[in-house]
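Labels below follow one simple rule: chain letters A, B, ... track the order of the sequence lines, proteins then strands, and each chain is numbered from 1. Keep in mind the model is a prediction, meaning the values are calculated, not measured.
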Amino acid sequence: MSTENAAAAAESLNFLEEIIEADLAAGKHTSILTRFPPEPNGYLHIGHATSICLNFGLALKYGGKTNLRFDDTNPVTEDTEYVESIIADVRWLGFEPANILYASDYFEQLYEWAKVLINKGLAYVDFSSAEEIAAMKGTPTEPGRNSPYRDTAPEENLALFEKMKAGEFPDGHCTLRAKIDMASPNMIMRDPLLYRIKKAHHHRTGDAWCIYPMYDWAHGQSDSIEGITHSICTMEFVPHRELYDWCINHLGIFPSKQYEFARRNLSYAVTSKRKLKQLVEENHVRGWDDPRMPTISGYRRRGYTPESIREFCDRIGVGKREMVADMSLLEFCIREDLNKRALRRFAVLDPLKVVITNYPEGQTEWMETENNPENPDAGKRTLAFTRELWIERDDFMENPPPKYFRLSPGNMVRLKSAFIIRCDSVAKDAAGIVTEVHCTYIPESRSGQDTSGLKVQGVIHWLSASEAVPAEVRMYDRLFQVEDPASEEDFKSTLNPNSLRVAENAVVEPALLQVQPGDKFQFTRLGYFCVDPDSMPGKPVFNRTVTLKDAWAKEQKKG
RNA sequence: UGGCCCGUGGUGUAACGGUAGCACAGCAGAUUUUGGUUCUGUUUGUCAGGGUUCGAAUCCUUGCGGGCCAACCA
């Protein structure tokens, strides 16, 4: 294989890149302009993230630009609260829109263009009720019937449409419809509605309008006005493309083109605004930014980085078939990112007291440990070693199974960056629960200057009982117990009852008192954690972003 | 019973008529003062039948399977 072929093979293009490169090569466009067109009626989720990364990513790759345009054509569901969160989420992901625009900016132009269509005899005012229109629409297997208002003369339609705009008719009294083909095999082309009357307050245009354009009338023309070259949307809009082109052709305006890719789903999650809204409103989660939510704001609070989400979107790629990306890939992406960047800290989530019986009371030695073994530049820190320590309850077992490398009676482990200790005895309460583990330490085994010659298999983290400070640690797990909750008859019946467990008695290094919401750490041997905005002075709250891979947990599952 | 879109390992994605590759997951091993990281090896795949061709994942065809379309939502 030649080097050129090797390079070409290494850089295989997805179908959108192929289209763009062909358009650029053919001189159809000198540069590209894409757009991300959310409706401001909810918070952005991971599905939107894939669309954002696609639109902005393609523009970046080919030296083009991307507009953020709000598809705000339905005043009753939309709100500025959502506008603001969407702008913030796009920026947080790391993208800066070339322009922030609104379909409502084009209402006047859209109105003028509607009149152009009416004058051409291509649109008419229909006084049929919603039910009548539905009845005349036909079905996928039978053609529809023409509306009795279909042949009204253009002049009359014009007058009626102006009356609609002037507010002379009540909501739902009539609509403006395109005159296309009631027998089209494409249901979308059976005289689609262009305008409906809604005497509702719009979050941007206020009460200036009482007629609002439908998606099909607003979207393509908005693209055209902005000069969007590649209007990328999801597959459910494929049948709309015929209408998209029809409108642009009959208006004779800039021919934006629509291309469709398959929606990308995530296993163990739901990504429908309706379902997410239900979870919030029925208090299954604490809000749109609950760290268990697959929203951008949820991932942000959970501790995901923008880089990790972009990497995930990149890795799952883009295609035309319905797909479900594996949650484990998202987890891989955040671990990969944080492994390189997060400083290591010791935290004990479920503390068990260890008393080093041969260590003098009141004595403290300072143990040096690295902040990030992946990055020597991250430096080192010191930890206090004292007679009484906390270790993770999981790291001790009175009757351990085979291959248990941690502490157990008669056995030794290394306290990471400190000494090797041996368990001599345990103390229990009346219920038989181990309350203290009594150990002796090996003075010659100090980390970095170990002359003991001992070899131990287990290394565990620890904290000085007198130095450690309390913290709350929220441990999140997948919100749903099944891979595809949306396919269940009742998706909420598959909610994971253990999606949040709170470690109330956790202790952490004293240095962790000086943190800001959003700060990220690896708690050694446990996982990646992020400071939650709920933190109070003296009582930090940490969210578990993701655990470390756990070979021992896997080993145990095998039984 | 109509039209449109789509079928490649468990998941996702390449191969554009010429050796089915990559990533994640899984499994096995090496290294390791994080049972992490890193490294090595490895199981598993072209929906089915027919056709075109020297040669088909790729082109044609039939079937099967999945998705979308009958909102005054987007």
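- Residue A/S129 is classed as a base contact, given a heavy-atom separation below 4.0 Å to a base.
- Using atom P as the reference point in both B/C59 and B/G7, the two lie 10 Å apart (nearest Å).
- Note on A/Y404: a base of the nucleic acid sits closer than 4.0 angstrom, heavy atoms only.
- Relative to the six-membered ring of A/Y111, A/K165 meets both conditions, a distance below 6.0 Å and an angle of at most 45° to the axis.
- Using atom C1' as the reference point in both B/C24 and B/A48, the two lie 29 Å apart (nearest Å).
- Look at A/Y215 and the base of B/A74; the rings do not stack under the cut-offs of 5.5 Å between centres and 30° between planes.
- Between the side chain of A/R525 and the base of B/U34, no donor-acceptor pair of N or O atoms lies under 3.5 Å.
- Among the protein residues, A/R315 comes within range of the sugar-phosphate backbone only, with heavy atoms under 4.0 Å from sugar or phosphate atoms but none that close to a base.
- At a threshold of 4.0 angstrom between heavy atoms, the contacts of A/F237 include nucleobase atoms, whether or not backbone atoms are also involved.
- A straight line from CG of A/L526 to C1' of B/U34 spans 9 Å, rounded to a whole angstrom.
- Within the 4.0 angstrom heavy-atom criterion, no nucleotide atom of any strand lies near A/R335.
- Residue contacts for A/S128: at a heavy-atom cut-off of 4.0 Å it reaches a base atom on one of the strands shown.
- A/K320 forms no cation-pi arrangement with A/F261, by the criterion of a distance under 6.0 Å to the ring centre and an angle within 45° of the ring axis.
- The side-chain tip of A/R381 points at the ring of A/F346 from less than 6.0 angstrom away and within 45° of straight on.
- As judged by a 4.0 angstrom heavy-atom cut-off over every strand, A/Q522 is placed among the base-contacting residues.
- Judged by distance alone, with hydrogens and angles left aside, A/E374 brings no side-chain donor or acceptor close enough to the base of B/U38 to form a pair under 3.5 Å.
- B/G29 sits 50 Å from B/C69 when the P atoms are compared, rounded to a whole Å.
- Nearest heavy atom pair, residue A/L463 against residue A/E509, reads CD1-CG, 3.9 Å.
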